[in-house]
Amino acid sequence: MKEELEIVEKLSNSKVVEKIYDDGLSSPVVEISKIGTDLVKSARLILAPLQLAATFQDRFEFFLKNLNKRVEAEQQVQPPAELTSVCIERMKYIDLNNPLWEMFEELLIKSMSKETISQVHPSFGQIIGQLSPDEALLMYELSKGEFIITDQMDLNRQANRFENHMVITSTIPKEKLANPEAFNIYYAHLESLSLIKWPVTNEVPIHIEGQQTGTKRNSKIHLTGFGKLFVAACIPESGFSTIN
(Lines give C-alpha, C1' and ligand atoms only; values in the text may rest on other atoms or scores of the structure.)
Protein backbone atom coordinates (compact mmCIF):
# COMPACT_ATOMS: atom_id res chain seq x y z
CA MET A 1 0.00 0.00 0.00
CA LYS A 2 2.81 2.41 0.83
CA GLU A 3 4.51 1.83 -2.52
CA GLU A 4 1.21 2.36 -4.35
CA LEU A 5 0.66 5.67 -2.63
CA GLU A 6 4.16 6.83 -3.49
CA ILE A 7 3.56 6.06 -7.17
CA VAL A 8 0.16 7.75 -7.23
CA GLU A 9 1.54 10.76 -5.37
CA LYS A 10 4.28 11.13 -7.96
CA LEU A 11 1.81 10.75 -10.79
CA SER A 12 -0.48 13.46 -9.50
CA ASN A 13 2.26 15.74 -8.13
CA SER A 14 0.15 15.94 -4.99
CA LYS A 15 1.46 16.11 -1.43
CA VAL A 16 -1.96 15.58 0.11
CA VAL A 17 -2.90 12.03 1.03
CA GLU A 18 -5.38 12.42 3.84
CA LYS A 19 -6.79 9.03 4.70
CA ILE A 20 -6.43 5.43 3.65
CA TYR A 21 -8.67 2.55 4.65
CA ASP A 22 -6.92 -0.76 4.21
CA ASP A 23 -9.18 -3.07 6.21
CA GLY A 24 -10.22 -4.87 3.04
CA LEU A 25 -13.83 -3.69 3.33
CA SER A 26 -13.73 0.03 2.59
CA SER A 27 -12.54 1.63 -0.63
CA PRO A 28 -9.43 3.77 -0.27
CA VAL A 29 -10.22 7.46 0.04
CA VAL A 30 -7.42 9.53 -1.40
CA GLU A 31 -7.53 13.29 -1.85
CA ILE A 32 -5.47 14.11 -4.91
CA SER A 33 -5.25 17.47 -6.59
CA LYS A 34 -5.04 16.36 -10.22
CA ILE A 35 -6.77 12.99 -10.56
CA GLY A 36 -9.85 11.40 -9.02
CA THR A 37 -10.41 8.18 -7.13
CA ASP A 38 -11.26 6.19 -10.27
CA LEU A 39 -7.96 7.20 -11.87
CA VAL A 40 -6.11 6.16 -8.73
CA LYS A 41 -7.70 2.71 -8.89
CA SER A 42 -6.71 2.41 -12.54
CA ALA A 43 -3.19 3.56 -11.79
CA ARG A 44 -2.82 0.92 -9.09
CA LEU A 45 -3.90 -1.78 -11.51
CA ILE A 46 -1.48 -0.88 -14.22
CA LEU A 47 1.54 0.69 -12.52
CA ALA A 48 2.77 -1.92 -10.08
CA PRO A 49 5.65 -2.73 -10.32
CA LEU A 50 6.54 0.01 -12.78
CA GLN A 51 8.22 3.34 -12.10
CA LEU A 52 7.28 6.40 -14.10
CA ALA A 53 9.67 9.04 -15.33
CA ALA A 54 8.67 12.59 -14.44
CA THR A 55 8.36 13.62 -18.09
CA PHE A 56 5.89 10.80 -18.69
CA GLN A 57 3.47 11.59 -15.88
CA ASP A 58 1.24 14.03 -17.77
CA ARG A 59 0.95 11.75 -20.77
CA PHE A 60 0.17 8.78 -18.56
CA GLU A 61 -2.55 10.76 -16.81
CA PHE A 62 -4.01 11.52 -20.24
CA PHE A 63 -4.12 7.78 -20.92
CA LEU A 64 -5.79 7.09 -17.56
CA LYS A 65 -8.53 9.60 -18.31
CA ASN A 66 -9.22 7.95 -21.66
CA LEU A 67 -9.24 4.54 -19.97
CA ASN A 68 -11.83 5.61 -17.43
CA LYS A 69 -14.02 7.20 -20.09
CA ARG A 70 -14.19 3.89 -21.92
CA VAL A 71 -14.03 1.28 -19.17
CA GLU A 72 -15.93 1.71 -15.94
CA ALA A 73 -13.94 1.01 -12.79
CA GLU A 74 -15.88 -2.15 -11.92
CA GLN A 75 -15.17 -3.55 -15.39
CA GLN A 76 -11.41 -3.01 -15.14
CA VAL A 77 -9.05 -5.91 -14.61
CA GLN A 78 -5.32 -6.08 -14.06
CA PRO A 79 -3.61 -6.51 -17.44
CA PRO A 80 -0.81 -9.05 -18.01
CA ALA A 81 2.45 -7.74 -16.55
CA GLU A 82 4.40 -8.88 -19.61
CA LEU A 83 2.19 -6.63 -21.72
CA THR A 84 2.11 -3.52 -19.54
CA SER A 85 5.85 -3.55 -18.92
CA VAL A 86 6.54 -3.42 -22.65
CA CYS A 87 3.84 -0.87 -23.47
CA ILE A 88 4.62 1.58 -20.68
CA GLU A 89 8.35 1.45 -21.31
CA ARG A 90 7.82 2.25 -25.00
CA MET A 91 5.21 4.94 -24.31
CA LYS A 92 7.72 6.87 -22.20
CA TYR A 93 9.47 7.92 -25.40
CA ILE A 94 6.47 8.56 -27.68
CA ASP A 95 4.55 11.83 -28.05
CA LEU A 96 0.78 11.98 -27.90
CA ASN A 97 0.64 12.98 -31.58
CA ASN A 98 2.30 9.73 -32.67
CA PRO A 99 -0.07 7.00 -33.98
CA LEU A 100 2.03 4.44 -32.10
CA TRP A 101 0.91 6.09 -28.84
CA GLU A 102 -2.70 5.53 -29.87
CA MET A 103 -1.95 1.88 -30.66
CA PHE A 104 -0.34 1.28 -27.27
CA GLU A 105 -3.21 3.11 -25.59
CA GLU A 106 -5.84 1.07 -27.45
CA LEU A 107 -4.07 -2.17 -26.61
CA LEU A 108 -3.78 -1.33 -22.91
CA ILE A 109 -7.41 -0.23 -22.66
CA LYS A 110 -8.60 -3.47 -24.25
CA SER A 111 -6.31 -5.48 -21.96
CA MET A 112 -7.87 -3.81 -18.90
CA SER A 113 -11.51 -4.47 -19.81
CA LYS A 114 -13.30 -7.67 -18.85
CA GLU A 115 -15.14 -7.49 -22.19
CA THR A 116 -12.11 -7.19 -24.47
CA ILE A 117 -9.12 -8.75 -22.68
CA SER A 118 -9.72 -11.97 -24.65
CA GLN A 119 -8.77 -10.07 -27.84
CA VAL A 120 -5.30 -9.26 -26.54
CA HIS A 121 -2.13 -11.29 -26.98
CA PRO A 122 1.01 -10.37 -24.98
CA SER A 123 3.10 -10.27 -28.17
CA PHE A 124 1.07 -7.34 -29.53
CA GLY A 125 2.97 -4.84 -27.38
CA GLN A 126 6.30 -6.08 -28.75
CA ILE A 127 4.99 -5.81 -32.30
CA ILE A 128 3.81 -2.21 -31.90
CA GLY A 129 7.23 -1.38 -30.51
CA GLN A 130 8.81 -2.50 -33.79
CA LEU A 131 6.59 -0.43 -36.06
CA SER A 132 7.19 2.97 -37.61
CA PRO A 133 4.35 5.53 -37.75
CA ASP A 134 4.05 4.90 -41.51
CA GLU A 135 3.67 1.17 -40.91
CA ALA A 136 0.98 1.86 -38.33
CA LEU A 137 -0.86 3.93 -40.94
CA LEU A 138 -0.56 1.15 -43.51
CA MET A 139 -2.04 -1.34 -41.06
CA TYR A 140 -4.97 0.97 -40.42
CA GLU A 141 -5.58 1.50 -44.14
CA LEU A 142 -5.47 -2.26 -44.71
CA SER A 143 -8.05 -2.74 -41.98
CA LYS A 144 -10.44 -0.80 -44.23
CA GLY A 145 -9.64 -2.82 -47.35
CA GLU A 146 -6.91 -4.51 -49.34
CA PHE A 147 -4.55 -2.70 -51.73
CA ILE A 148 -4.94 -3.62 -55.40
CA ILE A 149 -1.92 -3.40 -57.71
CA THR A 150 -1.50 -3.97 -61.44
CA ASP A 151 2.02 -4.03 -62.83
CA GLN A 152 3.95 -5.33 -65.81
CA MET A 153 7.50 -6.35 -66.70
CA ASP A 154 9.41 -6.86 -69.93
CA LEU A 155 10.87 -10.26 -70.78
CA ASN A 156 14.59 -10.25 -71.53
CA ARG A 157 14.76 -13.40 -73.62
CA GLN A 158 18.53 -13.47 -73.83
CA ALA A 159 18.97 -13.32 -70.04
CA ASN A 160 15.78 -15.34 -69.50
CA ARG A 161 14.44 -12.93 -66.91
CA PHE A 162 11.84 -10.23 -66.39
CA GLU A 163 12.96 -6.62 -65.97
CA ASN A 164 11.82 -2.99 -66.32
CA HIS A 165 9.14 -3.38 -63.66
CA MET A 166 6.40 -0.75 -64.01
CA VAL A 167 3.34 -0.18 -61.83
CA ILE A 168 0.26 0.56 -63.96
CA THR A 169 -2.33 1.13 -61.23
CA SER A 170 -2.15 0.95 -57.44
CA THR A 171 -4.38 1.74 -54.48
CA ILE A 172 -1.48 1.82 -52.02
CA PRO A 173 -1.98 5.18 -50.21
CA LYS A 174 1.62 6.32 -50.55
CA GLU A 175 0.52 9.96 -50.53
CA LYS A 176 -0.39 9.53 -46.86
CA LEU A 177 3.05 8.25 -45.87
CA ALA A 178 5.74 10.49 -44.42
CA ASN A 179 8.37 8.50 -46.32
CA PRO A 180 6.64 6.86 -49.31
CA GLU A 181 9.92 5.79 -50.92
CA ALA A 182 10.43 3.40 -48.00
CA PHE A 183 7.29 1.43 -48.84
CA ASN A 184 9.17 -1.68 -49.97
CA ILE A 185 10.99 -1.79 -46.62
CA TYR A 186 7.69 -1.30 -44.80
CA TYR A 187 6.12 -4.16 -46.72
CA ALA A 188 9.05 -6.51 -46.12
CA HIS A 189 9.01 -5.71 -42.41
CA LEU A 190 5.24 -6.14 -41.99
CA GLU A 191 5.37 -9.41 -43.91
CA SER A 192 8.21 -10.66 -41.68
CA LEU A 193 5.93 -10.03 -38.68
CA SER A 194 3.24 -12.22 -40.32
CA LEU A 195 0.86 -9.25 -40.46
CA ILE A 196 0.35 -8.90 -44.24
CA LYS A 197 0.73 -10.81 -47.52
CA TRP A 198 1.12 -9.77 -51.18
CA PRO A 199 0.01 -12.62 -53.45
CA VAL A 200 -0.32 -12.42 -57.23
CA THR A 201 -3.96 -13.11 -58.06
CA ASN A 202 -3.67 -13.19 -61.84
CA GLU A 203 -0.85 -13.11 -64.38
CA VAL A 204 -1.21 -12.79 -68.15
CA PRO A 205 1.68 -13.04 -70.66
CA ILE A 206 2.09 -10.16 -73.12
CA HIS A 207 2.65 -11.27 -76.73
CA ILE A 208 3.75 -9.34 -79.79
CA GLU A 209 3.76 -11.11 -83.14
CA GLY A 210 3.39 -14.48 -81.45
CA GLN A 211 6.28 -14.07 -79.03
CA GLN A 212 6.06 -13.28 -75.35
CA THR A 213 7.58 -9.89 -74.63
CA GLY A 214 6.50 -9.45 -71.04
CA THR A 215 3.95 -10.19 -68.37
CA LYS A 216 1.10 -8.31 -66.73
CA ARG A 217 0.11 -9.12 -63.14
CA ASN A 218 -2.71 -8.34 -60.77
CA SER A 219 -1.91 -8.63 -57.08
CA LYS A 220 -3.26 -7.49 -53.73
CA ILE A 221 -1.84 -6.68 -50.34
CA HIS A 222 -4.03 -7.82 -47.47
CA LEU A 223 -3.95 -8.57 -43.76
CA THR A 224 -3.22 -12.10 -42.63
CA GLY A 225 -5.48 -13.75 -40.07
CA PHE A 226 -2.99 -12.78 -37.38
CA GLY A 227 -2.83 -9.27 -38.80
CA LYS A 228 -6.61 -8.90 -38.49
CA LEU A 229 -6.45 -9.92 -34.83
CA PHE A 230 -3.61 -7.47 -34.25
CA VAL A 231 -5.50 -4.60 -35.89
CA ALA A 232 -8.69 -5.37 -33.95
CA ALA A 233 -6.80 -5.17 -30.66
CA CYS A 234 -4.43 -2.29 -31.37
CA ILE A 235 -5.99 0.22 -33.76
CA PRO A 236 -8.94 2.44 -32.77
CA GLU A 237 -12.01 1.79 -34.91
CA SER A 238 -12.17 5.48 -35.80
CA GLY A 239 -8.54 5.48 -36.89
CA PHE A 240 -5.77 7.74 -35.67
CA SER A 241 -6.86 11.14 -34.40
CA THR A 242 -3.47 12.60 -35.30
CA ILE A 243 -3.90 11.61 -38.97
CA ASN A 244 -7.63 11.75 -39.70
Side-chain angles (χ1 to χ4, degrees), residues 1-15 17 30 32-71 73 76-113 116-117 119-140 178-179 186 189-190 193 195 230-231 233-236 238-244:
M1 180 68 71
K2 182 179 178 182
E3 292 180 356
E4 290 178 349
L5 289 176
E6 289 177 351
I7 294 173
V8 172
E9 197 171 4
K10 290 179 182 179
L11 176 63
S12 63
N13 293 323
S14 172
K15 296 182 180 179
V17 180
V30 183
I32 292 181
S33 61
K34 292 183 62 180
I35 60 178
T37 302
D38 286 345
L39 298 191
V40 173
K41 292 177 182 177
S42 303
R44 286 176 174 169
L45 283 175
I46 196 171
L47 285 181
L50 304 175
Q51 295 294 326
L52 297 180
T55 57
F56 178 57
Q57 292 171 7
D58 289 341
R59 282 175 289 149
F60 188 76
E61 182 183 341
F62 176 85
F63 158 72
L64 289 177
K65 289 179 178 178
N66 285 340
L67 167 65
N68 282 275
K69 286 178 184 178
R70 293 179 52 183
V71 185
Q76 294 179 17
V77 296
Q78 187 160 8
E82 64 270 29
L83 177 66
T84 56
S85 60
V86 171
C87 293
I88 297 301
E89 183 61 28
R90 294 282 186 170
M91 291 169 77
K92 288 180 183 178
Y93 310 104
I94 300 176
D95 293 331
L96 293 176
N97 61 355
N98 189 320
L100 297 178
W101 173 279
E102 296 186 63
M103 292 184 73
F104 280 124
E105 180 177 275
E106 185 72 14
L107 179 61
L108 283 176
I109 289 175
K110 284 193 169 74
S111 73
M112 293 186 68
S113 169
T116 55
I117 190 172
Q119 301 177 22
V120 173
H121 191 276
S123 68
F124 288 169
Q126 294 279 6
I127 293 173
I128 297 173
Q130 297 182 57
L131 300 183
S132 70
D134 273 349
E135 289 170 330
L137 173 62
L138 288 170
M139 292 298 293
Y140 168 63
N179 186 14
Y186 297 153
H189 184 221
L190 293 173
L193 295 172
L195 297 174
F230 174 77
V231 164
C234 303
I235 296 184
S238 59
F240 300 118
S241 62
T242 54
I243 295 176
N244 291 346

**Q** So which atom in L195 and which in I127 form the shortest heavy-atom distance, rounded to 0.1 Å?
**A**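 Heavy-atom minimum between the residues: CD1-CG2, 4.0 Å.
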
**Q** Between the main-chain N or O of S241 and the side-chain N or O of E102, is there a donor-acceptor pair closer than 3.5 Å?
**A**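 Checking the backbone N and O of S241 against the side chain of E102, a donor-acceptor pair under 3.5 Å is found.
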
**Q** Counting distance only, does the side-chain N/O of N179 pair as donor-acceptor with the main-chain N or O of D134 below 3.5 Å?
**A**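 Absent.
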
**Q** Is a side-chain N or O of S113 found less than 3.5 angstrom from the main chain of K110, in a donor-acceptor match?
**A**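 Absent.
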
**Q** Any carboxylate oxygen within less than 4.0 angstrom of a Lys/Arg side-chain nitrogen, looking at E106 and R70?
**A**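 Looking at R70 together with E106, the answer is yes, because their closest N to O distance falls below 4.0 Å.
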
**Q** Do V71 and M112 come close enough that some side-chain heavy atom pair is under 4.5 Å?
**A**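 A side-chain contact under 4.5 Å is absent here.
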
**Q** Can you check whether F240 reaches M103 side chain to side chain, under 4.5 Å on heavy atoms?
**A**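 Yes, close enough: below the 4.5 Å cut-off.
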
**Q** List the atom of K92, the atom of F56, and the distance in Å for their closest heavy-atom pair.
**A**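 Between these two residues, the closest heavy atoms are CA-CD1, 3.7 Å.
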
**Q** Please check if the side chain of E135 supplies one atom and the backbone of L190 the other of a donor-acceptor pair under 3.5 Å.
**A**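 No.
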
**Q** Could you tell me whether the side chain of F60 reaches within less than 4.5 Å of the side chain of M91, counting heavy atoms only?
**A**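 When only atoms from C-beta onward are counted, F60 and M91 do not touch, as no gap falls below 4.5 Å.
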
**Q** Testing the basics here: between F124 and C234, what is the closest heavy-atom pair and its distance to 0.1 Å?
**A**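 F124 and C234 have their closest heavy atoms at CB-SG, 3.9 Å.
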
**Q** I'd like to know if the side chain of D95 reaches the main chain of N97, judged simply by a donor and an acceptor atom lying under 3.5 Å from each other, with no hydrogens or angles considered.
**A**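 A pair under 3.5 Å: no.
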
**Q** For I235 and A136, work out which heavy atoms get closest and say how close.
**A**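 For I235 and A136, the tightest heavy-atom pair comes out as CD1-O, 4.2 Å.
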
**Q** Test side chain to side chain contact (heavy atoms under 4.5 Å, CB included) on I128 and V86; report intermediate values, then the result.
**A** CA-CA 10 Å; I128 297 173; V86 171; over 6 Å; no

**Q** Please report the closest heavy-atom contact between I109 and T116, naming both atoms and the distance.
**A**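 I109 and T116 have their closest heavy atoms at O-OG1, 4.3 Å.
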
**Q** May I ask you to test the L100-L131 pair for a side-chain heavy-atom distance under 4.5 Å?
**A**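 Yes - at least one pair of side-chain heavy atoms lies under 4.5 Å apart.
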
**Q** The test is side chain to side chain contact (heavy atoms under 4.5 Å, CB included); show your working for N68 and Q76 and say whether it passes.
**A** CA-CA 9 Å; N68 282 275; Q76 294 179 17; 3.2 Å; yes

**Q** Check whether any side-chain heavy atom of L83 lies under 4.5 Å from a side-chain heavy atom of C87, and answer yes or no.
**A**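 Result yes, sub-4.5 Å side-chain heavy-atom pair found.
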
**Q** Report yes if some heavy atom in the side chain of F63 is under 4.5 Å from a heavy atom in the side chain of F104; otherwise report no.
**A**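 The answer is no, as the side chains (C-beta and beyond) never meet within the 4.5 Å cut-off.
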
**Q** Heavy-atom count check: over 12 atoms from other residues, nucleotides or ligands less than 6.0 Å from Q119 CD?
**A**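 Check passes, neighbour count above 12.
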
**Q** Looking at every heavy atom in both W101 and I94, which two are closest together, and how far apart are they?
**A**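 Here W101 and I94 meet closest at CE3-O, 3.5 Å.
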
